[in-house]
Asks: 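This is the structure, below, for whatever I ask next.
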2 protein chains.
Amino acid sequence: MARTKGSDSKLTELRIRKVALNLFSQYGYAAVSMRRIASKLDLQVGTLYLYTPNKQALLFDLLKTHMDSVLKNWGLENVEIEPDKRLKAFTKFHIRFHIGRIEHVNISYNELKNLTGENFDHVNSLRSEYEKSLEEILTFGRDQGYFDIQDVKLTGLAIIAMLNGVLKWYRTDGRLSLDDVEEIYSEMAYKSVMIVDN
Amino acid sequence: MARTKGSDSKLTELRIRKVALNLFSQYGYAAVSMRRIASKLDLQVGTLYLYTPNKQALLFDLLKTHMDSVLKNWGLENVEIEPDKRLKAFTKFHIRFHIGRIEHVNISYNELKNLTGENFDHVNSLRSEYEKSLEEILTFGRDQGYFDIQDVKLTGLAIIAMLNGVLKWYRTDGRLSLDDVEEIYSEMAYKSVMIVDN
DNA sequence: GTCTATATCCCGATAGAC
DNA sequence: GTCTATCGGGATATAGAC
């Protein structure tokens, strides 16, 4: 079980990021001190600064890495989907991808305001990019006569807000499986923009 | 323009609450210091403690007062509504009531975690009560054959999350009037639980 | 009713020992 | 690679002058 110095270092870095994510998600960035993060890892606070230049960079890294991951994975799926199935594909991807990443979802939507200038702009543009890919689906669907949408931007925000709401509050308490959740809420999102006869 | 001591005191209390709400909403409870609240009011920090026993009580008061107000106003409307119109009534009420209270919405959903023990339980139970009134509407609608709902609790959360998402991001930028927003999103919520033929 | 001054503590970050 | 010790500052909250 020999461990090199390098692998120890890499491991410590991962553990720091994991604990920071957990605490930021649970108590909020501003309420969590570097001492508290260190304490939970049985480290001294000075040690943290070998792995991150400051607290802000820790948050920025978590947010940027997550958004990069979201965009990359959605990009891999968002090809060669038949037009009328694109919205369902998006909503199912969104739920499936994020349901095991509740802590990332929490900080992505609650802690953006704690990023400073450039950091905020960077992460915000990544999020806009993701939202834009949904807006394109909605616009296309409307133009092709599939959907009844009055305002694409707000409709996109509404759908993502709905899906995130479910993600945040969903607990695996046995009532519903992940498959159930995925199906139910992608269906709800789909129906919310459907054309209906009155 | 004579002002009594009493009215000055009442005014100061209101100003403190208003500024605290504004700052908590914008930067988050944990990131806002008592000094900052005082500074924005051209007061010294000691003065704040004449009007609130501590910072926590300031947050609790804002959250409790808001939730009491929500429940009271919805209670006044939620009478004598024809069963099949109850969901639309709820969603329209929710949007109309909250759209001028964005800061309250922000703290209600972001700062709950900063309430301590009893305070959290109290405000959380008020929120549950409000959510429960939506769940009752959904359950009734499903039992009467109006709605296609697989899980009432998560559906309720999804609808409220969707509506709140719109509230948070909606800006009066001229594209849409408040009436438009109210109509569009109560319609989306309604359609999301509608029965459709496949 | 508000201010000044202060007690007590915790914060982010750094220097240097081991 | 991690620790101890510490700097400088800002936090909540209180005491007492005016």
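The structure presented is a predicted model; accordingly, all values stated were derived computationally and were not measured. Convention: sequence-line order gives letters A, B, ...; per-chain numbering from 1.
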Asks: Can you find a side chain N or O atom of Tyr51(B) that sits less than 4.0 Å from OP1 or OP2 on dG1(C)?
Replies: no
Asks: Consider salt bridge (charged side-chain N to carboxylate O under 4.0 Å, His left out). Of Glu187(B), Glu77(B), Glu182(B), which one does Lys88(B) pass it with?
Replies: Glu187(B)
Asks: How would you list all residue pairs meeting ring pair (Phe, Tyr, Trp, His ring centres under 6.0 Å) that involve residues 134-165 of chain A, not counting sequence neighbours?
Replies: none
Asks: Which pairs would a plain distance check flag for residues 37-47 of chain A, meaning a side-chain donor or acceptor within less than 3.5 Å of a matching protein atom at least two apart in sequence or in another chain?
Replies:
from: Lys40(A); atom 1: NZ; to: Asn22(A); atom 2: OD1; distance (Å): 3.0
from: Thr47(A); atom 1: OG1; to: Gln44(A); atom 2: O; distance (Å): 3.4

Asks: Are OP1 or OP2 of dG1(C) and a side-chain N or O of Thr12(B) less than 4.0 angstrom apart?
Replies: no
Asks: Could you give the NZ-to-C1' distance, from Lys10(B) to dG1(C), as a whole number of Å?
Replies: 16 Å
Asks: How does each nucleotide of nucleotides 3-18 of chain C score, in 5' to 3' order, for protein heavy atoms under 4.0 Å: base (B), sugar-phosphate only (S), or none (-)?
Replies: BB------BBBB----
Asks: Measure from CD1 on Ile37(B) to P on dG10(D) and round the result to the nearest Å.
Replies: 17 Å
Asks: What salt bridge (Lys or Arg N to Asp or Glu O under 4.0 Å) pairs are there with at least one residue in residues 97-121 of chain A, not counting sequence neighbours?
Replies: none
Asks: Under 3.5 Å, side-chain donor or acceptor atoms of residues 154-161 of chain B against the rest of the protein: list the pairs with distances, not counting sequence neighbours.
Replies:
from: Thr155(B); atom 1: OG1; to: Asp151(B); atom 2: O; distance (Å): 2.7

Asks: Which pairs, with at least one residue in residues 153-169 of chain A and sequence neighbours excluded, count as a salt bridge (Lys or Arg N to Asp or Glu O under 4.0 Å)?
Replies: Glu135(A)-Lys153(A)
